[in-house]
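Take a look at the structure set out below.
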Amino acid sequence: NTGHSPSQAWESVDRILERSWKAGDTILIKRGTVYNGSLTLRGSGSAEAPIVLGSYGDESLPLPEIAGGGSYEAILIRNVQYWELQDLRITNKGEAPRPKIAGIRIEADNIEGGVMNHIHIRRCEIADVYGTKTHHNEGGGSGIFYYNVIGGPNPSSFHDLVVEECRLTDCQRDGLTGYLSTGDRSLRKANTGFVFRRNVFEGIPGDQIIVNGCDDALVEYNIVRNCAPGDFADESVPNRMEAAAALWCIHSDGTVFRYNTVQDHKATWDGQAFDVDQNCRNTLFEYNISYNNTGGWLMLCPSDVAFDRNFVSQEGTVVRYNVSINDGLRGYPTRPGWFSPTIHVSGPSDDSVIERNLIVIPAKPDAKIDRTLLEIDNWGGPWPTNLTLRRNTIWILDESPYEVNLGKSIDTRFDGNRLCGRITGEVKGLKPRSCKPDPDGKLPFHPGFPEALRERVMQRLEKLRE
């Protein structure tokens with residue numbers, strides 16, 4: 001068959017592997033069909049005429065499925081560019097978990113010209129990617145995984161990587177994640193044009209979205225929910241707990257996280273909704289909602305001295321206009337106690353601002369659960385400096401007082417916050433006011449907070465009253 005019409009369709013997806021595709025080509029796979037095997041995309045499109053891999057047929061039928069069956073990846077996009085994948089289902093489940101497995105793997109490694117352009121993934125389902133539940137002993141796995149190598153003769157980066165309106169479910173360990181060969185600032189070649197928008201992540205135990213090695217990435221309108229429980233490594237590993245957070249960045253500048261909803265993250269270490277990790281500058285979190293996350297709401301997590309390879313100090317983080325409800329629920333010991341403060345800030349980090357957020361802390365279900373509003377510490381380097389918390393509304397609905405531990409931080413300031421509830425001791429600039437914590441009252445939403453997200457907040461507060 002010619003493959004030029006539905007009546008002349010190729011009889012096997014194997015034909016896709018037999019050629020190198022060119023600008024303007026369109027490859028459509030029939031709905032309701034399953035291809036057992038993996039695809040490696042060959043050839044490149046152009047800015048004017050990208051190559052499209054998608055579906056055709058009766059829209060009442062399931063999306064065409066690429067079933068990797070436990071392959072290293074179901075779809076490999078390596079050193080090619082200007083591809084658009086849309087309306088596909090990608091699975092990759094073998095008989096046993098396979099370390100480092102991926103649904104879609106995207107690699108830029110010594111690519112000619114040094115930049116891999118325009119990879120768009122839209123309206124795809126990525127499910128049942130069967131990696132291991134922990135990263136220990138070189139394990140893990142991702143629904144979508146990107147990786148760029150900045151060493152070698154052609155240091156390689158990505159431009160215009162878009163993942164939009166996709167659904168990632170039951171992927172082990174992670175959702176949409178990336179890796180960078182080095183974060184050394186003297187070798188930096190940032191990825192640009194990253195947009196992760198309107199995706200849903202469900203049933204995933206580890207990291208949901210990682211922005212790695214980017215400038216000015218945008219992460220917006222994503223939903224994380226019903227996360228699978230985190231796991232522990234086997235007893236051969238000294239620290240068996242598995243660190244993960246929902247949405248976070250590393251080795252990146254100018255990342256914006258906005259209009260996202262994160263609930264029920266259950267990692268056995270960390271487990272926050274949001275994290276700014278090592279070697280990041282000028283990160284912005286705004287208009288996000290989080291609730292019921294095991295490890296807390298927010299972590300500022302700069303480089304551990306042991307990992308620092310010519311990194312910069314974390315600086316210029318702004319966290320504003322967000323809503324946190326019932327974050328910090330860890331029900332077992334980790335490091336001292338059942339560590340899960342609402343906010344955790346470590347050093348070195350400089351000039352961070354947390355402002356005009358609404359933080360609602362209901363009564364904890366167990367007396368041993370961490371009752372810390374703010375924990376500041378360091379990991380072998382300088383302590384945080386110039387952290388400002390201002391004009392936040394904090395409702396502590398628990399009868400027990402909450403701790404605010406500033407450690408040896410320098411110039412931590414509290415200004416104009418509205419605290420309803422009790423804290424231990426006295427903290428300059430953070431005093432309980434004569435107000436009643438009342439979720440029924442008028443909420444201090446910022447004017448830019450979207451109406452749809454306001455309704456979601458009200459629904460969550462209603463559940464607290466039930």
Side-chain angles (χ1 to χ4, degrees), residues 121-122 160-168 175-178 190-201 207-225 245-263 265 272-277 280-291 293 296-301 314-325 327 342-343 351-360 388-393 443-460:
I121 303 170
R122 289 193 173 93
D160 191 21
L161 175 59
V162 175
V163 180
E164 189 170 28
E165 297 182 336
C166 292
R167 186 179 185 89
L168 290 83
L176 168 51
T177 64
N191 301 314
T192 57
F194 273 37
V195 178
F196 302 150
R197 178 188 290 128
R198 297 190 186 281
N199 304 290
V200 176
F201 301 80
D207 302 305
Q208 312 293 311
I209 295 178
I210 300 177
V211 172
N212 198 338
C214 294
D215 279 352
D216 303 319
L218 177 60
V219 181
E220 64 178 4
Y221 295 105
N222 300 284
I223 296 175
V224 175
R225 64 191 181 201
L247 308 185
W248 57 283
C249 55
I250 183 171
H251 308 308
S252 296
D253 293 348
T255 309
V256 175
F257 297 87
R258 66 187 185 193
Y259 311 130
N260 302 289
T261 302
V262 178
Q263 71 175 84
H265 201 275
Q272 295 86 359
F274 307 111
D275 166 31
V276 185
D277 219 279
C280 289
R281 298 183 297 193
N282 302 322
T283 307
L284 173 62
F285 290 90
E286 62 180 6
Y287 305 116
N288 301 288
I289 305 172
S290 65
Y291 48 89
N293 294 288
W297 168 45
L298 173 69
M299 177 168 64
L300 307 187
C301 169
Q314 185 187 105
E315 60 185 38
T317 300
V318 175
V319 183
R320 64 188 185 190
Y321 319 145
N322 305 283
V323 177
S324 165
I325 303 172
D327 288 323
T342 305
I343 304 170
D351 303 318
S352 299
V353 176
I354 301 173
E355 64 178 345
R356 299 185 69 175
N357 302 285
L358 170 62
I359 302 170
V360 181
T388 300
L389 295 92
R390 63 186 176 218
R391 300 181 67 185
N392 299 287
T393 298
L443 296 181
F445 289 119
H446 185 267
F449 207 92
E451 186 63 35
L453 294 187
R454 296 185 190 211
E455 292 177 4
R456 198 171 294 168
V457 170
M458 299 308 296
Q459 290 169 2
R460 181 52 43 181

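Positions are given from 1 along the sequence.
Remark: Trp248 CH2 to Gln272 CD distance equals 11.0 Å, nearest 0.5 Å. A distance of 11.5 Å separates OG in Ser352 from CD1 in Ile343, rounded to the nearest 0.5 Å. With values rounded to the nearest 0.5 angstrom, Thr177 atom OG1 is found 10.5 Å from Gln208 atom CD.
Legend: residues meeting side-chain contact (heavy atoms from CB on, under 4.5 Å) with Asp253, ordered by chain and number and at least two apart, are Arg185, Arg188, Asp215, Arg281. Judged as a side-chain contact (heavy atoms from CB on, under 4.5 Å), and not counting sequence neighbours, the contacts of Glu286 are Arg258, Leu284, Arg320, Tyr321. Looking at residues two or more places apart in sequence or on another chain, you find a side-chain contact (heavy atoms from CB on, under 4.5 Å) between Arg454 and Phe445, Phe449, Glu451.
Arg456 has its side chain within reach of Ile223: a pair of non-hydrogen atoms, C-beta onward, lies under 4.5 Å apart.
Minimum heavy-atom separation, Asp327 to Ser290: OD2-OG, 2.6 Å. The heavy-atom pair separating Asp207 from Ala245 by the smallest distance is OD1-N, 2.9 Å. When all heavy atoms of Ile210 and Ile250 are compared, the pair lying nearest together is CG2-CG2, 4.1 Å. Val211 and Ala217 make their closest contact through CG1-CB, 3.6 Å (heavy atoms, listed as atom of the first residue, atom of the second, distance). Considering every non-hydrogen atom in both Val262 and Asn293, the closest pair reads O-ND2, 3.3 Å. Of all heavy-atom pairs between Val163 and Asn199, the closest is O-ND2, 3.0 Å.
Checked against Glu355 for a side chain to side chain donor-acceptor pair (under 3.5 Å), the options Arg391, His446, Arg390 give a single hit: Arg390.
Ion pairing between Glu165 and Arg122 fails under the 4.0 Å rule for side-chain N and carboxylate O.
Both the sub-6.0 Å distance and the 45° axial angle are satisfied by Arg198 relative to the ring of Tyr221.
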